[in-house]
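Here's the structure we're looking at; comments come further down.
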Amino acid sequence: MNDNNIYPIFSRMQIRTDKEQLLGQHSIMIWLTGLSGSGKSTIAIALERELFRLGFLCRILDGDNIRSGINNNLGFTESDRIENIRRIAEVGKLFIDSGIITISAFISPNNNIRNLARSIIGENDFVEVFVSTPLEVCEDRDVKGLYKKARLGEIKNFTGISAPFEKPENPDVEIDTTSLTVEESVNKIMEVILPLISTKKNQEWGF
Ligand code: ADP
């Protein structure tokens with residue numbers, strides 16, 4: 001008898017490795033973390049395009065998209081930020097279990113939150129990319145006008161201004177977009193992920 005009346009059927013479903021084989025790739029999570037305006041979405045989009053060109057199937061999970069859909073009932077308090085990331089990681093896991101390379105672009109401002117995502121996804125499938133563009137540059141870009149509003153006190157709990165951003169301790173890749181172009185940033189990530197996502201089939205094709 002099961003206490004909560006929930007009976008998962010995972011063990012009877014077609015397994016991940018079958019799906020990875022069908023797609024000719026290994027799935028992983030590429031987790032981009034960094035301040036608003038650091039370049040996460042721009043890099044995610046360019047990375048997906050490059051992977052698609054090489055024949056890899058990806059899915060991007062992006063902050064504003066998720067916050068306008070599945071997480072539209074969450075704000076930016078500490079507990080809502082945790083729930084935001086927990087749901088994103090669970091959704092990411094569904095894609096990874098379907099063999100799909102998943103790129104997530106969320107501020108994810110502290111080690112606790114990133115470690116929560118890592119523990120849901122699984123250490124072996126999690127590649128952490130720190131987009132380390134400094135606050136001054138992000139604020140100067142102010143792509144969405146949010147820094148200006150945060151400075152005026154119109155947005156509360158804004159990361160970098162009125163809420164902290166804790167740097168990742170040991171990211172797999174670090175990218176400062178003040179010194180790297182979008183293309184160079186993508187190449188730097190590709191160097192780390194290609195060996196992880198490639199199968200024999202990709203290697204025979206020469207990439
Ligand atoms: P985030 O998703 O981290 O909030 P965005 O990708 O929305 O950031 O915004 C980053 C801004 O910085 C975009 O306007 C982008 O064109 C600009 N930018 C300039 N150089 C780069 C670079 N090398 N990599 C990524 N973005 C860059």
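Every number for a ligand or one of its atoms is a count from 1 in the order of the listing. For the numbers below, each heavy atom of this structure counts, side chains included, while hydrogens, waters and symmetry mates do not. Index from 1, following the sequence.
- Taking any N or O of Ile43, backbone or side chain, none lies under 3.5 Å from an N or O belonging to ligand 1.
- Note that Arg67 lies in the cation-pi zone of Phe76, set by a 6.0 Å cut-off to the ring centre and a 45° limit from the axis.
- Closest protein heavy atom to atom 15 (C) of ligand 1: Thr42 OG1, 3.6 Å.
- Contacts between Asp62 and ligand 1 below 4.0 angstrom, taking non-hydrogen atoms only, are absent altogether.
- When heavy-atom distances to ligand 1 are checked against a 4.0 Å cut-off, Val143 comes that close only through its side chain, counted from C-beta outward.
- In this structure the side chain of Glu20 never reaches within 4.5 angstrom of the side chain of Asp97, judged on heavy atoms.
- For the ligand labelled ligand 1, residue Ser38 lies inside the 4.0 Å heavy-atom shell.
- Among the atoms of Arg141, some N or O lies under 3.5 angstrom from an N or O of ligand 1.
- At the shortest separation from atom 4 (O) of ligand 1 among protein heavy atoms lies Gly37 N, 2.7 Å.
- The backbone N or O of Ile103 lies less than 3.5 Å from no partner atom in the side chain of Arg59, so there is not a single donor-acceptor pair.
- Near Leu180, meaning under 4.0 Å from one of its heavy atoms, ligand 1 places the atoms 22 (C), 23 (N).
- A side-chain donor-acceptor contact under 3.5 Å links Arg87 to the backbone of Ile70.
- At a threshold of 4.5 Å between non-hydrogen side-chain atoms, the residues Ile175 and Ser132 do not count as touching.
- For atom 8 (O) of ligand 1, the nearest non-hydrogen atom of the protein is Gly39 N, 3.2 Å.
- Of all the atoms in ligand 1, the ones that sit under 4.0 Å from a non-hydrogen atom of Thr181 are 23 (N).
- Side-chain atoms of Pro134 and Thr178, non-hydrogen and from C-beta on, do get closer than 4.5 Å to each other.
- Ligand 1 places these atoms under 4.0 Å from at least one heavy atom of Leu35: 3 (O).
- Using a 4.0 angstrom heavy-atom cutoff, Ser36 counts as in contact with ligand 1.
- Looking at Arg16 and Ser27, their side chains do bring a donor and an acceptor atom within 3.5 Å of each other.
- Taking the side chain as every heavy atom from C-beta outward, Thr33 and Ile107 never approach each other to under 4.5 Å.
- Ring geometry, Phe165 versus Phe130: the interplanar angle falls under 30°, so the pair is classed parallel (tilted spans 30 to 60°).
- The protein atom (non-hydrogen) at minimum distance from atom 22 (C) of ligand 1 is Thr177 CB, 3.4 Å.
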